[in-house]
Every structure is written in C-alpha cells, then in structure tokens.
Amino acid sequence: MRLGVVIVNHDRRQLLVECLASLAAASAAGEPLVVVVDNGSRDDSAAAARAAAPAAEVLVLPHNTGFAHANNVGIRRALERGCDGVLVLNNDTRVAPGALDALAGALDAERRIGMVAARVVMADDRRTLDGTGQRVTVDGFGKLEDSGRDRDAAGEAKETFCPYGAAAFFGRDLLLDVAADGEWFDEDFRLYCEELDLGWRARLRGWRCVYAPAAVVYHHRGGTAGQYSELLAYYTCRNTIYNILKNYPGWYAPRALLLSLLRPAVLALGLLLGRGPASKFGARLPARRLAAILLRGWRDAARSAPRMWRKRRRIQARRTAANEEVARWFRELGEPFFRGLLR
C-alpha cells in the first residue's frame with residue numbers, strides 16, 4: 001500500500017519544517033509520498049521544505065487560494081501518483097512514529113471504512129487530548145470528540161462520525177467515490193469545516209469512520225490560523241450553514257436551520273456563564289464584535305444558498321445511506337445541542 005501525506009502551508013516555515021521532520025518515522029512500511037502545497041507564502045517556505053525533505057513534492061501556488069483548494073491540489077497529486085490512502089495533515093502538527101501505519105491499517109473497504117481519525121494530542125501538554133474524531137450535531141456543527149480529556153481515556157478503537165481535520169486519513173476508494181459530488185474539499189468553504197463536509201458526503205455514500213488510538217499526532221492548535229479568532233468565528237458560522245444546506249437530508253435540514261436561530265441565545269448564555277466556545281471567543285473579542293461577525297456569516301450563507309442548493313441536489317441524488325442509518329448517526333455519534341454549545 002502506497003501512502004500519501006498532504007500538507008498545506010502559508011507563511012509558517014518553521015512549523016512546516018518541524019512537521020516534515022516528524023514524518024521520517026511515521027511509517028515502517030516505506031517512505032510515504034509527501035506533497036507540500038505552498039499557498040503563496042512570502043517567507044521562503046517552499047525552499048525550506050525542499051531542504052528539509054528532499055524527497056517531498058513541493059507544489060507552489062501563485063497566491064493564497066484557500067485551504068480547501070490547496071488540499072484538493074495535493075490530494076489530486078497523491079492520487080495521480082497511485083496512493084492508496086491520503087493523510088491530510090495540518091502544518092502545525094507532529095506525527096508520532098508508526099502513526100501513518102496505524103491509520104492505514106484501520107482501513108477496511110469491505111466494511112466501508114474509508115476514513116480514519118487519529119489520536120490528536122495537544123503538543124504543549126502531551127497528556128491532554130485535542131480530539132479523536134468528530135461528533136455530529138443537530139445544528140450543523142462537528143464537535144471534537146474527547147477534547148480536553150486525558151490521553152489515556154481514549155485507548156480503545158471506536159466508531160466516530162468523521163476525522164478531525166488536523167490529521168484526517170482517507171482511503172483512495174472513498175476519495176474517488178466522493179469526487180463525483182464535486183471537489184474533495186468544497187472550495188466555497190475556503191477554510192474550516194471542510195473536512196466535516198467531506199465526512200458528511202462520504203457518510204451519505206455509505207462510508208464509515210473509525211478512530212485508531214495507535215495513530216498519535218501532536219497538534220499546536222491554532223498554530224496556523226490562531227485560536228478563537230475572527231477568522232474562525234466567521235468561517236465556522238457561514239460554513240455550518242453551508243453544511244446544513246448541502247448535506248442534512250430530509251427534515252434534518254429545516255430542523256438544523258431553526259436550531260441555528262436559537263444558537264445566539266445559547267451562546268449568549270455561555271458567555272454569561274463563562275462556559276463553552278462563546279466564553280473563549282468572548283475572552284478575545286468584544287460581544288458586539290462577535291455578534292457582527294456572526295451576522296455577516298449568516299448573511300453570506302444566505303447569499304450563497306442557491307449555489308449550495310444546486311450542490312445539495314447532486315449529493316442527495318447519490319445518497320445510499322438509509323433513513324435509519326442517518327438517525328443512528330445523531331443518536332450514537334452525535335452531540336446534544338445545548339451540551340455542544342455550553343461545554
């Protein structure tokens with residue numbers, strides 16, 4: 001099995017070099033194909049990548065085309081080069097020895113396991129989990145599973161809805177299947193939630209995801225784009241609506257849109273109680289500024305709704321997952337609405 005690793009980078013030369021160095025022992029089965037997609041960096045990242053990993057393919061884009069587009073460029077190259085599995089990796093990660101083999105070993109085409117989540121651990125506190133995959137929510141989000149728990153609390157393999165984007169592994173068969181819906185990562189998303197969208201489209205086609213505890217990846221969360229920033233607030237708000245419009249089947253879509261209207265009240269409660277993501281954004285952004293950002297996200301999502309609806313028709317026409325299976329996702333792989341926003 002030939003394995004590929006795709007790393008998108010923009011002006012994070014040192015992070016990229018350290019990430020590349022960690023890949024030397026990621027697989028005992030042979031050196032993976034490493035594809036670095038440099039997204040218009042101005043800090044000589046491409047030259048540093050070539051020096052740090054001479055065997056890597058370094059593709060240089062003329063300007064910052066967005067995280068989703070750059071990943072699509074890398075995935076396409078990996079598939080063209082015959083890779084059977086592709087790890088999409090943030091440049092602010094460090095891969096532990098053997099992690100890539102553990103991810104690849106969890107694939108099982110016969111059981112339709114085409115996505116694998118790593119044990120992502122906080123790099124600055126190696127006892128704390130960053131995430132072991134994502135749980136689906138009734139209002140369009142993906143909630144990181146096991147985030148904040150001790151790393152030993154997630155020692156068993158299990159099913160999860162889809163991988164965490166910091167280190168998301170996809171099998172070739174899944175990628176070729178989902179490509180019929182359009183891009184692998186929807187380029188209208190630009191950044192954030194793009195792996196959740198891909199996970200939804202794969203699930204609707206009957207693919208599953210498992211968590212591989214032996215695949216350890218250390219993550220400097222926010223090293224690339226910052227934590228709880230205006231950028232994160234805007235894109236997650238807008239792209240969550242995109243995800244609902246495209247992927248939530250049947251009555252789940254109007255329910256999710258209605259719940260999204262309640263989200264501001266729940267977030268305001270979290271801000272008052274000092275709980276959940278709202279309190280973390282509130283520590284960095286004034287409440288009025290955060291509200292304005294969220295309103296802009298909803299406005300832009302509404303403007304793009306006709307385009308998302310056209311994509312929805314294509315995705316839902318290819319859906320193979322039964323209604324009972326979709327209900328199981330929310331029941332067994334889901335996160336309750338209020339808990340997800342206040343925890």
**Asked** Which pairs count as side chain to side chain donor-acceptor pair (under 3.5 Å) when at least one residue sits in residues 97-117, sequence neighbours excluded?
**Response**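 Passing the test, one end in residues 97-117: S27-D101.
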Decide yes or no for [X] and [Y]: does some side-chain heavy atom of the first lie under 4.5 Å from some side-chain heavy atom of the second?
X	Y	value
R151	T128	no
Q14	E18	yes
P249	R319	yes
D139	L257	no
H219	Y164	yes
F161	L196	yes
L175	W184	yes
V95	L100	no

NZ/NE/NH1/NH2 to OD/OE distance under 4.0 Å, [X] and [Y]:
X	Y	answer
R221	D130	yes
R127	D152	yes
R135	E335	yes
D188	R307	yes
R119	D146	no
D186	K311	yes

Heavy-atom closest contact ([X] atom, [Y] atom, distance):
X	Y	answer
V17	A48	CG2-CB, 3.9 Å
N91	R12	ND2-CB, 3.4 Å
P163	A117	CA-CB, 3.9 Å
A154	T132	CB-CG2, 3.9 Å
L174	A202	CD1-CB, 3.7 Å
G165	N90	O-OD1, 3.5 Å

For [X] and [Y], indicate whether the former's side chain and the latter's backbone hold a donor-acceptor pair under 3.5 Å.
X	Y	answer
Q316	N247	yes
T160	Q134	yes
R238	A233	no
S22	C19	yes
N72	E183	no
S147	G131	no
E194	Y192	yes
D38	S41	yes
N39	T65	yes
D197	N243	no

**Working for salt bridge (Lys or Arg N to Asp or Glu O under 4.0 Å), residues R172 and D177** = CA-CA 9 Å; R172 180 184 183 89; D177 184 11; over 6 Å; no
With rounding to the nearest 0.5 Å, note down the distance linking [atom1] in [X] to [atom2] in [Y].
X	Y	atom1	atom2	answer
R13	R42	CZ	CZ	13.5 Å
R2	E31	CZ	CD	9.5 Å
R255	I244	CZ	CD1	10.5 Å
C162	R203	SG	CZ	8.0 Å
N71	R76	CG	CZ	11.5 Å

**Asked** Stepwise, does the side-chain contact (heavy atoms from CB on, under 4.5 Å) test hold for L3 with C83?
**Response** CA-CA 5 Å; L3 303 177; C83 290; over 6 Å; no
Cluster link [X] to [Y], ILVMFWY, side chain under 4.5 Å:
X	Y	answer
V86	L198	yes
L204	V138	yes
V120	L89	no
W207	L107	no

**Request:** Walk me through it: do E332 and K158 pass the test salt bridge (Lys or Arg N to Asp or Glu O under 4.0 Å)?
**Result:** CA-CA 11 Å; E332 298 180 9; K158 60 183 176 181; over 6 Å; no
**cation_pi(R126, Y218) dist<6.0 Å, angle<=45** = yes
**Request:** Could you tell me how the ring of W200 sits relative to the ring of F330: parallel (under 30°), tilted (30 to 60°) or perpendicular (over 60°)?
**Result:**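 W200 and F330: tilted rings.
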**Message:** Are there over 12 heavy-atom neighbours, none belonging to E80, within less than 6.0 Å of that residue's CD?
**Reply:** yes
**Other residues, nucleotides, ligands: >12 heavy atoms within 6.0 Å of R331 CZ** = yes
**Prompt:** Which is it for Y234 and D300 under the side chain to side chain donor-acceptor pair (under 3.5 Å) test, yes or no, and what are the steps along the way?
**Reply:** CA-CA 10 Å; Y234 169 76; D300 292 349; 2.5 Å; yes
**Message:** Applying side-chain contact (heavy atoms from CB on, under 4.5 Å) to I293 and C237, what does each step give before you reach the verdict?
**Reply:** CA-CA 9 Å; I293 293 167; C237 175; over 6 Å; no
**Asked** What residue pairs, at least two apart or across chains, pass ring pair (Phe, Tyr, Trp, His ring centres under 6.0 Å) with a residue in residues 20-78?
**Response** none
**Item:** CA sep, side-chain torsions, deciding dist, call: E325, R205, salt bridge (Lys or Arg N to Asp or Glu O under 4.0 Å)
**Value:** CA-CA 11 Å; E325 179 65 4; R205 287 289 298 161; over 6 Å; no
**Asked** Do the two ring centres, one from Y235 and one from F189, sit under 6.0 Å apart?
**Response** no
